[in-house]
Amino acid sequence: MLVLKKVGSHESVSFKTTYINNRRYLGNKYKLLPFISTVVAENCRDVNSIADIFAGTGAVASAFTDKQLITNDNLYSNYICHVAWFSPQLYLQDKIERLVFYYNNVSVTSDNYVSKNFANTFFCRADCRKIGFIREDIENRFYSNEINERERALLITSLLYAADKIANTCGHYDAFRQGVEFEKHLVLSVPLPKDSLHPQNICYNEDTNELVKHISADLVYIDPPYNSRQYCDAYHFLENIARWEKPKVFGVARKMDRASLKSDYCTNKATEAFEKLIENTRARYILLSYNNMAKKGNDRSNAKIDDFDIIRILSAKGEVKVFKQEYKPFSAGKSDIDEHEERLYLCICKPKVQKFIQSPLNYTGGKFKLLNQILPHFPEKIDTFIDLFCGGCNVGVNVKANRIILNDKNSHLLYLYNSFKNLDKYTILDIIDKLIKKYKFSRSAEKGYNFYGCESSAGLGEFNREPFLKLREDFNKKNEDYAYYIMLYVLIVFAFNNQIRFNSKGEFNLPVGKRDFNDKMKSKLCDFIDRLHDGNFAFSCVDFRELDTSTLSEDSLVYCDPPYLITCATYNEQDGWNEKCEHELYAMLDILNGRKIKFALSNVLCSKGKINTILAEWLKLRNYKTIHLNHSYSNSNYQTKNRKSSTDEVLILNY
C-alpha cells in the first residue's frame with residue numbers, strides 16, 4: 001500500500017506500509033489460516049488464550065488477535081517481529097513513520113559490520129552499508145531512550161522485511177547467486193499491526209520444550225520443523241541483523257556460529273523431543289500442524305516424526321481428531337509430489353486428576369475448589385514459596401517447593417498450625433477425643449443422629465449448644481500451650497459452618513454449628529497434619545508489609561490471597577482491609593517484580609455490581625498476565641465461561 005502523509009517538516013512524502021504476511025518463510029501457514037481457524041472455531045469451546053509456541057513469522061497467531069496470545073520462537077529475528085505485531089505496549093505511529101522516511105532517504109558512504117562481511121553476496125555494497133547504518137541507529141536510539149521496546153521492534157521488523165524482499169536468494173540464505181545485477185534496493189515500509197490487541201499478550205524467545213513447563217493456555221498450537229532443514233541455517237543473515245551482536249562469519253554464505261540455535265526437531269531426536277513437549281504442555285486443547293511427507297521427497301524434506309508416533313503421543317494426552325487439506329509442499333529435489341496433505345491433529349486433553357489436601361478449617365475465601373485452576377500456573381520448580389495471606393492454607397499445603405512459609409496476621413491460626421506441625425498426629429487425636437468426652441459433645445460417627453434425637457438436615461446444634469458455650473468460655477480465658485490450640489480446633493469443629501472468628505477483644509465469638517467431629521473431618525485433619533510433617537514448612541505471623549523478602553531469589557514465588565476489597569468476609573470486618581492496604585500491597589508486588597521475584601495474586605475485578613477500580617487501574621499500567629478463573633468452581637476451565645456473570649475472579653502473574 002502506498003500512502004501520502006506529512007512527516008515532520010516535509011509537506012508530502014510517500015512510503016509503503018507492510019503487514020505480517022509480507023514475508024517469505026519456510027512452512028509459513030498464512031495460506032492455511034482459513035483451514036486452521038475453521039478447525040478451532042468448530043471444535044474448540046471457550047478458547048480465550050492461545051499459545052503459538054513455534055510461531056515463525058506469527059502468521060497463525062495473527063488470525064487470533066481477539067484472544068490473549070502467547071508467542072514463542074527460538075530465533076530472535078522471529079521473536080522481535082512478534083513483539084512488533086503482538087505486544088500490547090503503546091507506541092507512536094508518527095515516530096515510526098518519521099524514522100522510516102529518514103532511513104529511506106539517508107545516504108551512507110562509509111563501511112560498517114554488514115558491508116564488510118556481506119557486500120555483493122545477498123545485497124550490493126550500498127544496501128549493506130545502509131542495512132548496517134540503520135540497525136546501529138535503531139540500537140543507539142533505543143539505549144538513549146528515544147524509542148521504546150515496541151518501537152525498536154517495529155523498526156527492526158521493517159528493516160528485516162525490507163532486506164528479505166530484495167535479498168539475492170531463492171527465499172533463504174543457504175546460498176546466493178553470483179555475478180548478478182542488484183536491480184532492487186532497500187526500501188523500508190511502515191509495519192501496521194492490528195489495533196485492540198489483548199493487554200496480556202506476551203512474546204517469548206526460548207527453547208520450546210523448556211517454555212511449556214511454565215506457561216499454559218486454553219489452546220496450544222504447535223508447528224515444529226518437519227524435516228532436517230534448520231531454520232537458523234536458512235535465516236542466519238536475518239538472525240545476525242536482529243541480534244546485532246556482530247559475530248565473526250565464515251564460509252561462502254557468510255554464516256555465524258549457530259550451534260545454540262539448532263533444533264532437535266530437525267534431527268533423529270525429533271520424536272523424543274515431541275513426546276516430552278506434549279507431556280509438559282498445559283492446555284485444554286493441543287493443535288498440531290504436521291504434513292504427510294513421510295518418505296515422499298528428498299531426504300532433507302522427509303518428515304522426522306511418523307504418523308504412528310504422533311497419534312501415540314497425543315492419545316496419551318487425550319482424544320485425538322485429524323483434519324486434512326491438500327497443500328503443495330516445499331521439497332528440494334522433487335517438486336511434484338502427489339496426494340500431499342497438510343494435517344491438523346487436534347488433541348482434546350483429559351483433565352489432569354490430582355488429589356489435593358483440603359484444609360481442616362472452613363476458612364472464608366478458601367481456594368480449595370480453585371486449586372486445579374491456580375496451581376497449573378505456578379512454576380514447576382520453586383525454591384521458596386510464601387503464602388502471604390495463608391488463611392486456611394489450601395494453597396500453601398498443596399504447593400511443591402523446597403521451602404514453604406505460611407504467613408498470616410491472625411496469630412491464632414499460626415499457633416494452631418504450629419501445634420499440628422509439632423505434635424504427633426495420634427497425640428492430637430487423643431487430645432480431641434478427651435475434649436469431646438470432657439465437654440460431652442455428640443459423637444454422630446459412633447452413635448448416629450437418631451441417638452441424639454436429631455435429623456441430619458437439622459443438625460446437632462441443639463444438643464451441642466451448652467457444651468459449645470462452655471468450651472468457648474474456657475478457651476477465651478486463655479492458656480496458650482499446644483493443647484490450648486487443639487482446644488481451638490475442637491471449638492472450630494463445633495462452631496457455625498466450622499469457621500473461625502474473633503472479636504476486637506481477641507475472643508472467639510461464633511455460635512454453635514450443626515455438625516460434629518465426623519469421619520470426613522477426621523480424615524481432612526489427618527491428611528493436613530501428615531503434609532505439615534512431611535514438608536519443609538515454616539510459620540510467620542506478621543503484617544504483609546513487614547515480611548522480610550530480602551533472601552528471596554528469582555526461583556521464589558510469593559502467592560497473595562488478600563481480603564477482597566469489594567467483598568465481605570469475617571476476616572475483613574472492623575476495617576481489616578481498606579484502600580490503603582490495597583495500594584500498599586500492589587506497591588510491594590511491583591517491588592518484587594523489579595527484583596525479578598515471581599508473584600501470583602488472587603483477587604476479584606468485579607463482584608455483584610462493584611468494580612475494584614484500584615486493581616483495574618493498576619493492571620492497565622502493568623504488563624502482568626491476568627487469568628480469568630471460573631469462580632463457580634464447577635470445573636477446571638481456566639477462563640470464565642460467562643463474562644456477564646456477577647463475579648470476575650482472577651489470578652495475576654508477573655511471569
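Just so we're clear, the structure is a prediction, and the values are computed from it rather than from any experiment.
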Novice: I'd like to know if the side chain of Ser550 pairs up with that of Asp548 as donor and acceptor (distance under 3.5 Å, no hydrogens or angles considered).
Specialist: yes

Novice: OG1 of Thr157 to CZ of Arg23: how many Å apart, nearest 0.5 Å?
Specialist: 8.5 Å

Novice: Between Tyr235 and Tyr25, is the ring pair (Phe, Tyr, Trp, His ring centres under 6.0 Å) condition met? List the steps.
Specialist: CA-CA 9 Å; Tyr235 300 104; Tyr25 199 75; 4.6 Å; yes

Novice: Between Lys276 and Glu279, is the closest basic N to carboxylate O distance under 4.0 Å?
Specialist: no

Novice: Between Asn280 and Glu380, do the side chains contain a donor N or O and an acceptor N or O under 3.5 Å apart?
Specialist: no

Novice: Any Lys/Arg nitrogen of Glu149 or Arg152 sitting under 4.0 Å from an Asp/Glu carboxylate oxygen of the other?
Specialist: no

Novice: Please identify each residue that fulfils ring-ring contact (aromatic ring centres under 6.0 Å, His included) with His412, with sequence neighbours left out.
Specialist: Phe502

Novice: At what distance, to the nearest 0.5 angstrom, does CG of Leu192 lie from OH of Tyr19?
Specialist: 4.5 Å

Novice: Do the side chains of Met588 and Ile591 get nearer than 4.5 Å, heavy atoms only?
Specialist: no

Novice: Quick one: does any side-chain atom of Lys381 pair with a main-chain N or O of Asp555 as donor and acceptor, under 3.5 Å?
Specialist: no

Novice: Could you check Leu188, Ile147, Leu155 and say which one makes a side chain to side chain contact (heavy atoms under 4.5 Å, CB included) with Ile96?
Specialist: Leu155

Novice: Run the numbers on Tyr417 and Phe528 for ring pair (Phe, Tyr, Trp, His ring centres under 6.0 Å), then give the verdict.
Specialist: CA-CA 10 Å; Tyr417 296 148; Phe528 191 83; 5.6 Å; yes

Novice: In terms of side-chain geometry, is the basic nitrogen of Arg98 or Asp94 positioned less than 4.0 Å from the acidic oxygen of its partner?
Specialist: no

Novice: Any chance you could measure Asn612, atom CG, to Leu605, atom CG, to the nearest 0.5 Å?
Specialist: 7.0 Å

Novice: Quiz question: by atom type and distance under 3.5 Å, do the side chains of Glu206 and His214 form a donor-acceptor pair?
Specialist: yes

Novice: Parallel, tilted or perpendicular: which one describes the rings of Trp577 and Phe389, with boundaries at 30° and 60°?
Specialist: perpendicular

Novice: Between the side chains of Tyr231 and Glu239, does any donor sit under 3.5 Å from an acceptor?
Specialist: no

Novice: Name all pairs fulfilling the side-chain hydrogen bond (donor to acceptor under 3.5 Å, both in side chains) condition that reach into residues 383-400, sequence neighbours left out, sorted by first residue then second.
Specialist: Asp383-Asn402

Novice: Assess whether atom CZ of Arg403 is packed by more than 12 heavy atoms of other residues, nucleotides or ligands within 6.0 Å.
Specialist: no

Novice: Side chains of Asp561 and Ser602: donor-acceptor distance under 3.5 Å anywhere?
Specialist: no

Novice: What is the distance from atom CG of Asn603 to atom CG of Leu615, rounded to the nearest 0.5 Å?
Specialist: 5.0 Å

Novice: Closest heavy-atom contact between Thr549 and Ile597?
Specialist: O-CD1, 4.5 Å

Novice: Among side-chain atoms of Tyr221 and Ser289, is any donor-acceptor pair under 3.5 angstrom?
Specialist: yes

Novice: Answer yes if the side chains of Tyr624 and Asp590 hold a donor-acceptor pair under 3.5 Å, and no otherwise.
Specialist: yes

Novice: Between Tyr76 and Trp244, is the ring centroid distance below 6.0 Å?
Specialist: no

Novice: Is there side-chain contact between Leu288 and Ile278, with heavy atoms separated by less than 4.5 Å?
Specialist: no

Novice: Pick from Gln93, Lys95, Gln89: which one makes a side chain to side chain donor-acceptor pair (under 3.5 Å) with Tyr91?
Specialist: Gln93

Novice: To the nearest 0.5 Å, what is the distance between CG on Asn78 and SG on Cys203?
Specialist: 11.5 Å

Novice: What distance do Ser158 atom OG and Leu99 atom CG have between them, rounded to the nearest 0.5 Å?
Specialist: 10.0 Å

Novice: Could you go step by step and tell me if Cys349 and Ile286 meet the side-chain contact (heavy atoms from CB on, under 4.5 Å) rule?
Specialist: CA-CA 7 Å; Cys349 301; Ile286 297 173; 3.7 Å; yes

Novice: Testing Leu238, Leu160, Leu154 one by one against Ile80 for a side chain to side chain contact (heavy atoms under 4.5 Å, CB included), which residue passes?
Specialist: Leu160

Novice: Please determine, by modelled atom types, if Tyr586 and Glu584 share a side-chain donor-acceptor pair under 3.5 angstrom.
Specialist: no

Novice: Determine the minimum heavy-atom distance between Ala283 and Val220, stating which atoms define it.
Specialist: CB-CG2, 3.6 Å

